[in-house]
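Numbering of residues begins at 1 and proceeds along the displayed sequence. The structure presented is a predicted model; accordingly, all values stated were derived computationally and were not measured.
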Amino acid sequence: TSYVNYDKLRSNLDIVKKRLSRPLTLSEKIVYGHLDDAQNQEIDRGRTYLRLRPDRVAMQDATAQMAMLQFISSGLPRVAVPSTIHCDHLIEAQIGGEKDLARAKDINQEVYTFLSSAGAKYGVGFWKPGSGIIHQIILENYAYPGVMLIGTDSHTPNGGGLGAICIGVGGADAVDVMAGIPWELKCPKVIGVKLTGALSGWTSPKDIILKVAGILTVKGGTGAIVEYHGPGVDSISCTGMATICNMGAEIGATTSVFPYNHRMKTYLEKTGRGEIAALADENADLLVPDEGCEYDQIIELNLNELKPHINGPFTPDYAHPVSSIGATAKEKGWPLEIKVGLIGSCTNSSYEDMGRSASLAKQALDKGLKCKAEFTVTPGSEQIRATIERDGYSKIFHDVGGIVLANACGPCIGQWDRRDVKKGEKNTIVTSFNRNFTARNDANPATHAFVTSPEVVTALAIAGTLDFNPETDFLTAANGEKFKLEPPFGDELPAKDFDPGQDTYQHPPPDGSSLSVDVNPTSNRLQLLEPFDKWSGKDLEDMKVLIKVKGKCTTDHISAAGPWLKFRGHLDNISNNMLIGAVNSENDAINKIKNRLTGEFGGVPDVARHYKA
């Protein structure tokens with residue numbers, strides 16, 4: 001509770017409410033409650049730039065490398081706000097959790113040592129490899145209703161499931177906040193999603209965001225915060241709300257958020273934060289929208305009528321009801337056979353997700369069946385891994401033919417040494433992840449990846465085909481009898497409390513000034529930053545445009561993950577990955593642009609280096 005400060009939020013809001021004299025949405029309350037200068041800040045949704053004071057910073061280990069190198073070059077002795085580093089991006093899925101983790105610790109030792117020592121020296125908490133995925137660790141430990149947190153990862157908005165404003169930023173933004181400089185954000189518009197009815201049966205929280213993505217598309221949320229409200233909210237678990245906020249990144253939203261309710265309170269209490277829940281109760285008026293507040297756009301969803309969805313291939317906004325995906329796939333020529341079903345990721349790896357999926361796997365086992373497709377399970381955190389092992393879910397997954405991978409991002413970000421198909425071979429996979437852009441998961445541009453709920457992934461992995469609607473279709477048991485899967489069921493939170501598993505957190509010492517951080521000058525993975533040459537005083541004129549990008553330009557297109565992650569701490573090496581996945585508007589080609597000085601075509605980084613020289 002020492003980090004929880006509702007008094008500052010309240011005093012800022014008192015000033016803003018007097019100035020604006022209108023009801024505020026929930027996201028406005030939290031964002032404006034963190035203004036650097038509430039009295040003088042110009043506030044106009046979609047137009048002005050706000051100067052904000054976030055409460056906390058979180059960095060995953062790929063982006064943390066450059067952020068910490070930048071912070072070191074600032075010369076400051078210690079971070080100005082509570083900050084953490086999370087080791088989750090550099091662990092490649094290959095054989096299974098333990099062996100993959102050991103291999104990653106060996107391969108990435110230099111990077112882990114750098115991050116651990118830099119964290120200790122500059123006052124940053126360090127979550128070791130194996131601790132879990134950054135967004136699950138934040139939800140379990142750091143997010144709370146009304147907090148403003150920035151994270152160096154696109155899916156930071158996951159924390160909105162706990163009533164927090166959590167925004168994904170670049171490393172340089174994180175460095176500003178860690179250095180005590182106000183952070184700038186264009187005043188967001190607010191999209192309201194009103195939920196009525198209640199979730200039931202096969203429909204899950206994931207279906208809400210799959211449906212919203214179909215409505216808004218990959219750019220429909222740009223410049224806006226998506227704010228869920230209405231009577232349907234109470235039928236969603238806290239971790240389910242986090243799932244919805246997490247995948248809001250796929251519609252381009254600044255972030256997403258839910259109002260404080262009893263589901264959040266229960267989650268806080270179960271994760272050892274009852275004192276924060278009590279404070280949130282006392283300040284509940286700050287943590288819900290005002291009556292009569294106005295949204296820039298409103299979407300209404302009746303959860304009683306919402307059906308299970310599956311989105312893809314190649315884009316997360318191509319939405320289909322599960323009931324029609326088989327027919328659509330046949331019509332479009334998408335492969336019906338499912339090669340791999342993958343559950344978990346930062347979007348869907350909660351205790352509830354695992355329990356609901358295990359309930360389906362158990363039904364198959366009871367009828368003598370195993371998964372027809374390969375099946376992988378990625379726990380979101382060490383706490384989830386230990387708890388699902390204790391409660392028997394892991395054994396069910398193993399018995400049905402599944403492999404439990406390391407507590408890390410793994411295949412979701414392309415950290416997957418996939419060997420069951422050759423590169424270029426057309427095939428289908430189904431995942432409970434958030435993104436399915438071309439080649440994202442396995443570097444194979446011919447892989448048709450579909451995103452859906454972990455429950456539907458599990459059912460489809462058992463059936464082995466896209467042409468299976470678990471609500472209506474029958475499976476054949478080992479003894480030949482036909483049977484239908486009962487709708488999934490799983491406890492929202494463990495009855496016996498969470499098992500924390502192994503201790504994977506390193507707290508920084510009170511004073512790290514005597515500690516050193518070593519970077520080997522010959523390293524190909526880490527490179528200390530050199531200051532720019534002093535400016536000549538003259539402007540640069542008539543500069544060439546390197547590339548004009550056509551179509552999608554997400555972080556995946558700008559600087560894809562996968563094999564390039566290892567160079568995230570080496571500015572020169574990572575520059576060879578700049579925009580090599582983006583489409584050039586001039587010729588519709590990827591990584592082929594015209595060098596305006598020579599007239600020849602080359603790769604984006606090659607032409608950039610020529611211009612720079």
*Knowing that exactly one of Val57, Thr156, Ile150 qualifies, which makes a side-chain contact (heavy atoms from CB on, under 4.5 Å) with Val169?*
Ile150

_Over 60° means perpendicular and under 30° means parallel, so tell me whether His86 and Trp127 are parallel, tilted or perpendicular._
parallel

*Would you confirm whether the ring centroid of Tyr318 sits within less than 6.0 angstrom of the ring centroid of His320?*
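Between Tyr318 and His320, which both carry aromatic rings, the centre distance is below 6.0 Å.
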
*Please confirm whether Tyr112 and Phe126 have ring centers closer than 6.0 angstrom.*
no

When rounded to the nearest 0.5 angstrom, what is the spacing between [atom1] in [X] and [atom2] in [Y]?
| X | Y | atom1 | atom2 | result |
| --- | --- | --- | --- | --- |
| Asp499 | Ile384 | CG | CD1 | 10.5 Å |
| Tyr393 | Tyr351 | OH | OH | 3.5 Å |
| Thr239 | Glu352 | OG1 | CD | 5.0 Å |
| Leu162 | Leu149 | CG | CG | 11.0 Å |
| Met247 | Asn348 | CE | CG | 9.5 Å |
| Asn407 | Leu101 | CG | CG | 8.0 Å |

Charged N-O contact under 4.0 Å between [X] and [Y]:
| X | Y | result |
| --- | --- | --- |
| Asp606 | Lys592 | no |
| Glu455 | Arg356 | yes |
| Asp207 | Lys211 | no |
| Glu337 | Lys339 | yes |
| Arg435 | Glu250 | yes |
| Lys330 | Asp467 | yes |
| Glu586 | Lys550 | no |
| Lys422 | Glu425 | no |

*So with a 6.0 Å cut-off around NE2 of His557, is the heavy-atom count from everything else above 12?*
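Counting neighbours around NE2 of His557, more than 12 heavy atoms of other residues, nucleotides or ligands fall under 6.0 Å, so yes.
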
Give the minimum heavy-atom separation between [X] and [Y], together with the two atoms involved.
| X | Y | result |
| --- | --- | --- |
| Ala364 | Val400 | CB-CG2, 4.4 Å |
| Gly240 | Pro205 | O-CB, 3.4 Å |
| His89 | Cys409 | ND1-SG, 3.4 Å |
| Gly161 | Cys238 | O-SG, 3.4 Å |
| Met59 | Ala64 | CB-CB, 3.7 Å |

*Per the side-chain hydrogen bond (donor to acceptor under 3.5 Å, both in side chains) rule, which among Gln136, Glu140, His135 passes with Ser381?*
Glu140

*Run the numbers on Arg609 and Asp572 for salt bridge (charged side-chain N to carboxylate O under 4.0 Å, His left out), then give the verdict.*
CA-CA 10 Å; Arg609 285 187 189 279; Asp572 197 77; 3.3 Å; yes

*Please determine, by modelled atom types, if Asp353 and Ser350 share a side-chain donor-acceptor pair under 3.5 angstrom.*
yes

